[in-house]
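Here the structure comes first, spelled out in structure tokens, and everything after it is commentary.
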Amino acid sequence: MNLDDTDLRLLNALQREGRLSNAELSERAHLSPSACHRRVARMEQAGVIRDYVALVDPRAVDRKTTVFVEITLNGQADEVLAEFEAAVARIPDVLECHLMAGSADYLLKVVARDTEDFAAIHRRHLAKLPGVAQIQSSFALRTVFKTTALPV
């Protein structure tokens, strides 16, 4: 899908404030409400806009500890990767899983209540993941900057 400057203005506004009414959004994008609605609907249908979500403050739900976990597998066969990816996707504390180039095969972003909770997540889930040869965890001391908005 080809996105023009107006589409990009709409995406920027929606990424920052997903609950804007169509009237507010159309005003910010300098469009009529009907043209704005058509463009947003077109981007939704094309999959450019995948979802609308609420971003929850981790502290409000007692998940104040963020841990980045590097995982090295004992092989690179497609079956090993697929089995690992299916298993890690079932762990609710894992927010992100990335296949990496470099020293580790995967990088996970895990949230926990505290270090004791992470130790339990490690024992209960991470250490039992299939094909794992090595796990290295790094605790975030403070989040300096975080956004979900893509630069469009």
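Computed from a predicted structure; not experimentally measured.
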What do you reckon, is CG of D78 surrounded by more than 12 foreign heavy atoms closer than 6.0 Å?
no
Decide yes or no on side-chain contact (heavy atoms from CB on, under 4.5 Å) for H122 and V69, but give the supporting numbers first.
CA-CA 10 Å; H122 188 284; V69 181; 6.0 Å; no
Within this structure, what is the CG-CG distance for the pair L129 and L108, rounded to the nearest 0.5 Å?
7.5 Å
For A120, side-chain contact (heavy atoms from CB on, under 4.5 Å) partners two or more places apart
R123, R124
Run the salt-bridge test on K64 and D117 with the 4.0 Å N-O cut-off and return the result as yes or no.
no
Return yes if some donor-acceptor pair links the side-chain N/O of N12 with the main-chain N/O of R9 below 3.5 Å, else return no.
no
Path from L31 to L8 over hydrophobic side-chain contacts below 4.5 Å:
yes
Which pairs would a plain distance check flag for residues 134-152, meaning a side-chain donor or acceptor within less than 3.5 Å of a matching protein atom at least two apart in sequence or in another chain?
from, atom 1, to, atom 2, distance (Å)
T147, OG1, A149, N, 3.0

When hydrophobic residues are tied together by side-chain contacts of less than 4.5 Å, even through go-betweens, does L95 share a cluster with V61?
no
Apply the side chain to side chain contact (heavy atoms under 4.5 Å, CB included) test between Y106 and each candidate in V88, L73, V132; give the one that qualifies.
L73
Hydrophobic clusters here meaning ILVMFWY residues chained together by side-chain heavy-atom distances under 4.5 Å, can you tell me if F84 and L107 are in one?
no
Find out whether D7 and V48 are in side-chain contact, i.e. whether some heavy atom of one side chain is under 4.5 Å from a heavy atom of the other.
no
Gap separating the CZ atom of R59 from the OG1 atom of T65, nearest 0.5 angstrom:
8.0 Å
What distance do L20 atom CG and E27 atom CD have between them, rounded to the nearest 0.5 Å?
10.5 Å
What about V56 and V111, same hydrophobic cluster or not, with Ile/Leu/Val/Met/Phe/Trp/Tyr joined at side-chain heavy-atom distances under 4.5 Å?
no
Quick check against the 3.5 Å criterion: does D93 have a side-chain atom that pairs as donor or acceptor with the backbone of A112?
no
Please indicate whether D57 has more than 12 foreign heavy atoms, meaning atoms of other residues, nucleotides or ligands, lying under 6.0 Å from its CG.
yes
Hydrophobic cluster membership, L99 vs V94, 4.5 Å side-chain cutoff:
yes
Between M1 and R42, does a side-chain contact (heavy atoms from CB on, under 4.5 Å) hold up when you go through it step by step?
CA-CA 10 Å; M1 176 176 187; R42 187 189 67 190; 2.8 Å; yes
NE2 on H30 to CG on L10, rounded to 0.5 Å
10.5 Å
Between the OG atom in S32 and the CZ atom in R39, the distance rounded to the nearest 0.5 Å is 9.5 Å
CG of D105 to CG of L81: how many Å apart, nearest 0.5 Å?
7.5 Å
Take atom CD in E96; do more than 12 heavy atoms of anything else shown fall under 6.0 Å from it?
yes
Give the minimum heavy-atom separation between A13 and L25, together with the two atoms involved.
CB-CD1, 3.6 Å
